[in-house]
Structure formats: structure tokens, C-alpha cells
Amino acid sequence: MQKEYRTISEVVGALMLVNQVEGVKYDELVEIVQEDGTIRRGKVLEVNGDRALVQLFEGSQGLRVSTAKARVFDGMGKPKDGGPALIPEKHLNINGNPMNPAARDYPSEFIQTGVSAIDGLNTLVRGQKLPVFSGSGLPHAQLAAQIARQAKVLGSDEKFAVVFAAVGITFEEADFFISDFRKTGAIERTVTFINLANDPAIERIATPRMAITAAEYLAYDLGMHVLVIITDITNYAEALREISAARKEVPGRRGYPGYMYTDLATMYERAGRIRDNKGSITMIPILSMPEDDVTHPIPDLTGYITEGQIILSRDLYRKGLTPPINVLPSLSRLKDKGIGKGKTREDHADTMNQLFSAYSRGKDAKELAVILGDAALSDTDKLYAKFADAFEAEYISQGYYTNRTIQETLDLGWKLLGILPRTELKRIRDAYLDKYYHPAE
């Protein structure tokens, strides 16, 4: 049944009020048709009784209220009024449905990204939410493309797909992603949603939800393991703040709406595994921290909802390390669940702890040398400083087109630990030292 209204009562800025509506829901898309046939689109922000408040995508300049009429579309932009026929396999609400906590299955299976700093030290687990905290100008786009290209669930019979959502990016960035996916063949298993920086801000609210909805269909209907990568969450939050200001809501921290935590959670918490369902959704949201401030509301709230974070370092980037992942403040809270015998290798947990410890001590030794000079370092401290340099150059820095297996990552860790005397490797049990340790020549 066609739903058409000629009851637009008020237009203020990018907001339009429509009276005497029926069956209209929050987040539905609206089409405004002018007398001359020109069409504008908008989105339902609020429904109160028989009145709907609509946010216009293109603005209201030149809009004549007296002759305009509105048609209603669902949240995916499909007409509900007898428009052109479509043959979808399934209709889904892009806002999703709450996942029953009792039906959640615990994330416990390793996902190989091919990036040693992630696989070896901050392991990604199937069903996890692991964001990447970046900064303006840092190469998070290259890291996102690398993970999309390389990520896989170990096991030849596993169906794996990537859903990639680009939110508020430039045309050059969009072209980089699409070209990279085509060149490497990754596009054959990738579903891509692109929202450009010059697209209406309100569309950015829908883009990640469309991507996650597609992921839910692939995961829970088709039984696939799906990796969702969303970049850039900061652009999403800025759009949320812009819409909140247009609605004249009371602002929260730094002008962002007070419900931003809840809003982000409605996206992030759609990742996971459902008991007795083979499929899963693993999510890597990427956000650029304004002024590299990890306490900014966007990374701060994201950190509360997700299970850790991968942090890119400007200092490592200036040193030429690619990707510049700062492993010490990075954290994967579920890494212990996805490693070990039968998943990665039995020595993974011990070597991971030893690498963290040795790198931290090596950085301390290098800082001491800057203040007091190399003469102030003991022979052991000099070895730790040497280890830290080698660790950054060989383990962290691998380039954006090197795809390491988890076995290659673990073997590289043992090679670097060979710089240190066996007596210093106190976090690794003797059985693994006997099997894997070889001192550097």
C-alpha cells in the first residue's frame, strides 16, 4: 500500500515536521518529491504520535512545503510504496535485534591476521571486538586493508568472509581500498559499504549498521565466519554529534550526545558467537583519536565496550616501522582463550609473556642509555637494548604485504629471544626452552 503525505507542516534548517502519519518508524528513510519532480531524501529521527521529525540529507534550501509530498522507505532504502520491484533474499532491520546473553558462546578460536604484532602478542579471537586506536595521519587504512586481505580462520573447511564499512572517508581512500581488494583478489570474499566524506552526514549513521546486518546474514543464516572492519568510527561519532545538535539535545562530554556509549554499544555488541550456530562475527572498529588523546570520549567509550585495543604509535611511525603497532599499551583481553596447543602452538603463551617482558626492559635500558650513556649499562642491559631494536625492526615492522603464518611469527619470536641468555628467559618453562631455544651466534 502506498504511503504518501502532503502534510509537511514546518521546515527548519535540515529538519522537517510531517503531520498525520501512520506506521512510520524511527530510522526509516523518506523521499520528498517536489512539484517539478526533483527528489530529496531524509531519515526519520523521531516519531511522536502521528507526527514524524525528518532529517533531510541534502538540506531544505529551495524546498516548497506547499507542493512537496513524502514517500516512506525502510532503513535499507528500499521503497515500501509499490516502487520498482526488488527480489531480495531476506529483509532485515539494520538496527539489529538484541542478542540474548544466554545464547552467546564464548570466543575461543584463533583468527590469523598475518600481522605478527597482533597474532603473536595481541591475538584476535573469533567473536571478539578488537578496535584499532590510531591518530590523524597514521596508516590505519593500510593496516585495515592488510587485515582484510590476509585474515582467515585456520582450517581448510571454514567459510570466511570480510565485511568492510568505510565511514566518512575521502574519495582517494575509497579508491585505495577498492583497488587494493581487486588487485589482491580479496574482493571476491569481501562485501564493501562506502560512505564518502562529501556524502550527507546522516548516512554515516546507517552505513556501519548496514554492514553489520549483512555480516549477521552471512554469519547466522549462511554459517560463515565473518570479519567486520569499520573505519573510521570517529567520523561516525562526529555525524552523531551533528545530528544531536540539530535535534537540540543536551550535549555531553565535548559536545557528543550523552547516549553515545549506548549508541556505540548497539553496534559493537552485535559481534559475537551464538551457541549452536556455526557462524560468527568478529569486529575490528578503527578510530582516529583526536589529538592522539586516548582519553577522548570516542576511544574512551569504545574501550569500555570492546575487549581490548590495538594502538598505533606516532613515534614508531616516524622511525619507519610498518605497521607502527605499539605492543606494550595494546591489549587483547581474550588472547589467552585463542592460543595454545591445538589452536596455535603449545609455546605461544610463554613466549608471548617473555617477549612483552624483554621488550619492556629493553626500552627501559635504551632510555637509561640516552640519559647516562652506554657506559652506564650492564652487559645484560646492553643485550636487552639490542633485543628491543631487533624486535622493532624484525617482529613489529613487517610491511603491509607480508603475510606471516602463526608458526612463522612464533619462530621469529624464538629467534629474537636467542639474543638473550637462557638464564634470562624466566617466563618460559624448561620443556619449551629445550625444544625451541637456540642462542644467537
Undergrad: Are side-chain heavy atoms of Asp411 and Glu408 found at a separation under 4.5 Å?
TA: no

Undergrad: Any idea how Phe387 and Phe391 line up, ring-wise: parallel (<30°), tilted (30 to 60°), or perpendicular (>60°)?
TA: parallel

Undergrad: Return yes when atom CG of Asn48 has more than 12 non-hydrogen atoms of other residues, nucleotides or ligands closer than 6.0 Å, and no otherwise.
TA: no

Undergrad: If you apply the rule side chain to side chain donor-acceptor pair (under 3.5 Å), what do you find for Asp300 with Thr295, and how did you get there?
TA: CA-CA 5 Å; Asp300 189 33; Thr295 67; over 6 Å; no

Undergrad: Thr266 and Arg209: side-chain donor and acceptor closer than 3.5 Å?
TA: yes

Undergrad: Please assess Arg314 against Asp292 for the test salt bridge (charged side-chain N to carboxylate O under 4.0 Å, His left out), listing each intermediate value before the final yes or no.
TA: CA-CA 9 Å; Arg314 199 169 294 279; Asp292 293 357; 2.7 Å; yes

Undergrad: Return yes if a side-chain donor-acceptor contact under 3.5 Å exists between Arg51 and Asn19, otherwise no.
TA: yes

Undergrad: Any idea which heavy atoms bring Gly399 and Pro323 closest together, and the distance?
TA: O-CD, 4.1 Å

Undergrad: If we only count heavy atoms from C-beta on, is the Val132 to Ile284 side-chain gap below 4.5 Å?
TA: yes

Undergrad: Go through the side-chain N and O atoms of Thr306 and Arg333 and say whether any donor and acceptor fall under 3.5 Å apart.
TA: no

Undergrad: Is it true that Asp364 and Arg361 make a salt bridge, defined as a side-chain N closer than 4.0 Å to a carboxylate O?
TA: no

Undergrad: To the nearest 0.5 Å, tell me how far Met352 CE sits from Asp119 CG.
TA: 12.5 Å

Undergrad: Does the side chain of Thr409 pick up a donor-acceptor pair with the side chain of Arg404 at under 3.5 Å?
TA: no

Undergrad: Verify salt bridge (charged side-chain N to carboxylate O under 4.0 Å, His left out) between Arg182 and Glu188, making sure each step is shown before the conclusion.
TA: CA-CA 8 Å; Arg182 283 179 176 158; Glu188 294 180 4; over 6 Å; no

Undergrad: Pro208 pairs by side chain to side chain contact (heavy atoms under 4.5 Å, CB included) with which of Asn195, Val167, Ile233, Ile94?
TA: Val167

Undergrad: At what distance, to the nearest 0.5 angstrom, does CD1 of Ile298 lie from CE of Met289?
TA: 11.0 Å

Undergrad: Does CZ in Phe171 sit with more than 12 non-hydrogen atoms of other residues, nucleotides or ligands closer than 6.0 Å?
TA: no

Undergrad: Students often mix this up, so state it plainly: with edges at 30° and 60°, are the rings of Phe164 and Phe177 parallel, tilted or perpendicular?
TA: tilted

Undergrad: Determine, step by step, whether Leu316 and Ile325 satisfy the side-chain contact (heavy atoms from CB on, under 4.5 Å) criterion, reporting the C-alpha distance in whole Å, the side-chain angles of both residues, the deciding distance to 0.1 Å, and the verdict.
TA: CA-CA 8 Å; Leu316 296 181; Ile325 295 175; 6.0 Å; no

Undergrad: When rounded to the nearest 0.5 angstrom, what distance separates CG in Leu412 from OG in Ser116?
TA: 6.0 Å

Undergrad: If you compare all heavy atoms of Ala201 against all heavy atoms of Ala239, which two are closest, and at what distance to 0.1 Å?
TA: O-CB, 3.4 Å

Undergrad: Verify the distance criterion only: is there a donor paired with an acceptor across the side chains of Asp232 and Thr234 at less than 3.5 Å?
TA: yes

Undergrad: If you compare all heavy atoms of Phe160 against all heavy atoms of Val153, which two are closest, and at what distance to 0.1 Å?
TA: CD1-CG2, 3.6 Å

Undergrad: Any side-chain heavy atom of Leu287 within less than 4.5 Å of one from Pro299?
TA: yes

Undergrad: Quick check: closest heavy atoms across Leu45 and Arg247, and the distance to 0.1 Å?
TA: O-NH2, 3.4 Å

Undergrad: Quick one: closest heavy-atom pair of Leu130 and Gln309, and the distance?
TA: CD1-N, 3.7 Å

Undergrad: Decide, yes or no, whether a salt bridge links Lys337 with Glu307 under the criterion of side-chain N to carboxylate O below 4.0 Å.
TA: no

Undergrad: With Arg149 as the cation and Tyr400 as the aromatic partner, state whether NZ or CZ is under 6.0 Å from the six-membered ring centre and within 45° of the axis.
TA: no

Undergrad: Say whether Thr282 and Gln128, considering side chains only, have a donor N or O and an acceptor N or O under 3.5 Å apart.
TA: no

Undergrad: For a 4.5 angstrom cut-off between non-hydrogen side-chain atoms, does Tyr259 reach Glu249?
TA: yes

Undergrad: Are side-chain N/O atoms of Tyr401 and Asp180 paired as donor and acceptor at under 3.5 Å?
TA: yes

Undergrad: Within the side chain of Arg273, is there an N or O that forms a donor-acceptor pair under 3.5 Å with the backbone of Tyr106?
TA: yes

Undergrad: Rounded to the nearest 0.5 Å, how far apart are CD of Glu392 and CG of Leu416?
TA: 11.5 Å

Undergrad: Are the side chains of Arg40 and Leu56 in contact, using a 4.5 Å heavy-atom criterion?
TA: no

Undergrad: In Å, rounded to the nearest 0.5 Å, how long is the span from CD of Gln146 to CD1 of Ile229?
TA: 10.5 Å

Undergrad: Any ion pair linking Lys415 and Glu394 (charged N to carboxylate O, less than 4.0 Å)?
TA: yes

Undergrad: Strictly below 4.0 Å, N to O, side chains only: are Lys43 and Asp27 in salt-bridge contact?
TA: yes

Undergrad: With no hydrogens and no angle check, is any side-chain donor or acceptor of Arg427 less than 3.5 Å from a backbone partner on Leu355?
TA: no

Undergrad: I'd like to know whether Asp293 forms a salt bridge (charged side-chain N to carboxylate O under 4.0 Å, His left out) with Arg254, so could you lay out the CA-CA distance, the side-chain angles of the two residues, the decisive distance to 0.1 Å, and finally the verdict.
TA: CA-CA 13 Å; Asp293 180 11; Arg254 302 201 187 187; 3.1 Å; yes

Undergrad: Are any non-hydrogen side-chain atoms of Ile310 and Phe133 less than 4.5 angstrom apart?
TA: no

Undergrad: Would you tell me whether Tyr236 and Arg241 have side-chain atoms, one donor and one acceptor, within less than 3.5 Å of each other?
TA: no

Undergrad: Do Ser330 and Asn122 have side-chain atoms, one donor and one acceptor, less than 3.5 Å apart?
TA: no

Undergrad: Work out which heavy atom in Ala148 is nearest to a heavy atom in Arg189; give both atom names and the distance.
TA: O-NH2, 2.9 Å

Undergrad: So, taking the atom named CG in Leu143 and the one named CG in Leu138, what distance separates them when rounded to the nearest 0.5 Å?
TA: 11.0 Å

Undergrad: Take Glu216 and Arg270, measure what salt bridge (charged side-chain N to carboxylate O under 4.0 Å, His left out) needs, and give me the verdict at the end.
TA: CA-CA 8 Å; Glu216 287 173 338; Arg270 291 168 72 178; 3.0 Å; yes

Undergrad: Run the side chain to side chain donor-acceptor pair (under 3.5 Å) check on Arg345 and Thr351 step by step: do they pass?
TA: CA-CA 10 Å; Arg345 207 166 70 186; Thr351 54; over 6 Å; no

Undergrad: For Tyr256 and Ser244, does a side-chain donor sit closer than 3.5 Å to a side-chain acceptor?
TA: no

